[in-house]
Amino acid sequence: MDVVSRTWQWLATASHWSGPDGVWHRLGEHLFLTAACLLISCAVALPVAVVLGHTGKGGALAVNLANAGRAVPTFAVLVLLVLGPLGSYGSLPTVLALVLFAIPPLLTNAYVGMREVDRDMVQAARGMGMTGGQVIARVELPLAFPLLATGIRSAAVQVVGTATLAALAGGGGLGRIITAGFRLTDTAQVVAGALLVAVLALLVEGVFVLLQRLLDPMRAGIRAGIRAGRGR
Amino acid sequence: MAGESCLISNAWICGEYVRTRGQELTDAVLQHIGITAASVAIGVLVAFPLALLARRWRGLAGPVLGATTVLYTIPSLAMFSLLVPMYGLSVAVVITGLVLYALTILVRNILAGLAGVPEEAREAARGMGYGPLRLLFAVELPLALPSLMAGLRIATVSTISLTTVGAIIGYGGLGNLILEGKNSYFKAEVLTASVLCVVLAVLADLALLLVQRLLTPWTRAGRGRAGRRGRARAEEKAVAV
């Protein structure tokens, strides 16, 4: 395959990796955007979802938000924000779009996770005299962790994808390598950029799967239990 | 404001634009519908045998679900770009990419639907002398229909939204107008195309909901609250995929 060898050549050329249009700089932009927007959207969505899930209110909102997020084209929102009054503030439109599209998976998964906690456990915790905050911190959050983490993982993957699209609307990130490749009709560059983006998305997914396994409080509890049992 | 001035003042909402570029908008909508319909139809045709295979041989379920999930992780712009060497700058690139995305949702929901068929229903059908094929089409599929349709609705709505990204190779339906409007800083074009895109998604969702109601009349009959609650739970599950 000619494309494969030319793509390899593109990737193996040192000058494509350095400079303001180089892979390293674009990767840095991409990672910074992803991390910043993921943190912002977690800070916005998770507290709301936890409170809604704890009180059992707003379920329709949490579920419908995910459906609405799916129906609204990311690309359209990116372009609308760039052309809008915020367009003159550098990467602000991109950040806003990334946060907007990360919130639905976070909110929906965290809400469903909180609601699926066994009501008997919550009742038992209340019976033991735990306050609302204690029930959230010691019972509901640990049990809701798997879905909470799934939401964060899908949000992270979503943000990586949206950040790629941002290039089409004039933003930075690895997507710029792809769009520049299209403009230069350089198929090798297009494919190389796409490969980098795909690998980054899969790596992010992989890292979050790993973190989810390591951090699950229920699993940690089981491990501690096994260790304690052996010690005895 | 007079109709003519909104094109000159570059307003967001412009009736004059819709009137003068009606043909362009219709063409874009038709291309959008065509790409979506082809992608979802091919997606269903591929997902169905895949789901049946994964159900028949349990060992295949893991790899099939794993592979579709990996595909789903790849961002749309990268997916389309990776397919360019295979098909050149043709509509096949966009359709193939969209089919691959739809597969994840469809395979999962078909499998979940089939797994949710009560064993008693299967036993009863077998006891009545149903063969495997008749069991599938006359008993299992109708019972799996709610989950299947939920998957189809999600796949269709997200396909309509993702089609816009096809603009990068010139086959994005309404996405073409959005990209063109972005490049020429034409606000009315971008907003009109974006709104049409959302309207298209909502209409498709409602149409499929209607089809689902017509195909599964038993889910409405004399259930009331329990049925509604069950459906709400099914939708939550489908969303969490």
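Below, chains carry the letters A, B, ... as their sequence lines are ordered, and counting in each starts from 1.
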**Request:** Check whether any side-chain heavy atom of Phe182(A) lies under 4.5 Å from a side-chain heavy atom of Ile169(B), and answer yes or no.
**Result:** yes

**Complete:** If you tally heavy-atom pairs under 4.5 Å between each of Thr164(B), Leu200(B), Ile74(B), Leu89(B) and chain A, the highest tally belongs to Thr164(B)

**Fill in**
When the 4.5 angstrom heavy-atom criterion is applied to Thr164(A) and chain B, the contacting part is both

**Message:** Is it the case that atom CG in Leu211(A) sees more than 12 heavy atoms from other parts of the structure closer than 6.0 Å?
**Reply:** yes

**Asked** Which bit of Ala201(B) comes within less than 4.5 Å of chain A, counting heavy atoms only: side chain, backbone, both or neither?
**Response** side chain

**Fill in**
One option among Val197(A), Val157(A), Leu83(A), Val79(A) has the most heavy-atom pairs under 4.5 Å with chain B, and it is Leu83(A)

**Fill in**
Taken to the nearest 0.5 Å, the spacing of Leu202(A) CG from Thr69(B) OG1 works out to 11.0 Å

**Item:** Verdict with supporting geometry, Val84(B) and Val191(A), side chain to side chain contact (heavy atoms under 4.5 Å, CB included)
**Value:** CA-CA 8 Å; Val84(B) 164; Val191(A) 175; 5.8 Å; no

**Complete:** All heavy atoms of Phe75(A) vs all of Ala167(B), minimum pair found to be CE2-CB, 4.3 Å

**Contacting moiety of Ala193(B), where chain A heavy atoms sit under 4.5 Å** = neither

**Complete:** Most contact-rich option vs chain A, by heavy-atom pairs under 4.5 angstrom, among Val198(B), Val190(B), Val202(B), is Val190(B)

**Message:** Looking at every heavy atom in both Ala194(A) and Ala78(B), which two are closest together, and how far apart are they?
**Reply:** CB-O, 3.4 Å

**Request:** State whether the number of non-hydrogen atoms from other residues, nucleotides or ligands found under 6.0 Å of Trp17(A) atom CH2 is greater than 12.
**Result:** yes

**Message:** So which residue, Asn183(B), Asp205(B), Val165(B), Leu174(B), ends up with the most heavy-atom pairs under 4.5 Å with chain A?
**Reply:** Val165(B)

**Message:** For chain A, which candidate among Val195(B), Leu191(B), Ile168(B), Leu83(B) shows the most heavy-atom pairs at distances under 4.5 Å?
**Reply:** Ile168(B)

**Request:** Evaluate whether atom CH2 of Trp12(B) has more than 12 neighbouring non-hydrogen atoms of other residues, nucleotides or ligands under 6.0 angstrom away.
**Result:** yes

**Prompt:** Quick one: which residues of residues 155-162 of chain B reach chain A at under 4.5 angstrom, heavy atoms only?
**Reply:** Val157(B), Ser158(B), Ser161(B)

**Prompt:** Counting heavy-atom pairs under 4.5 Å to chain B, which of Pro73(A), Gly161(A), Gly193(A) comes out on top?
**Reply:** Pro73(A)

**Request:** May I ask you to name which of Leu80(A), Leu195(A), Leu168(A) has the most heavy-atom pairs under 4.5 Å with chain B?
**Result:** Leu80(A)

**Item:** Interatomic spacing from CG in Leu77(B) to CD1 in Ile178(A) - rounded to 0.5 Å
**Value:** 4.5 Å

**Message:** Please find the pair of heavy atoms, one from Val190(A) and one from Ser81(B), that lie closest to each other, and give the distance.
**Reply:** CG1-CB, 3.4 Å

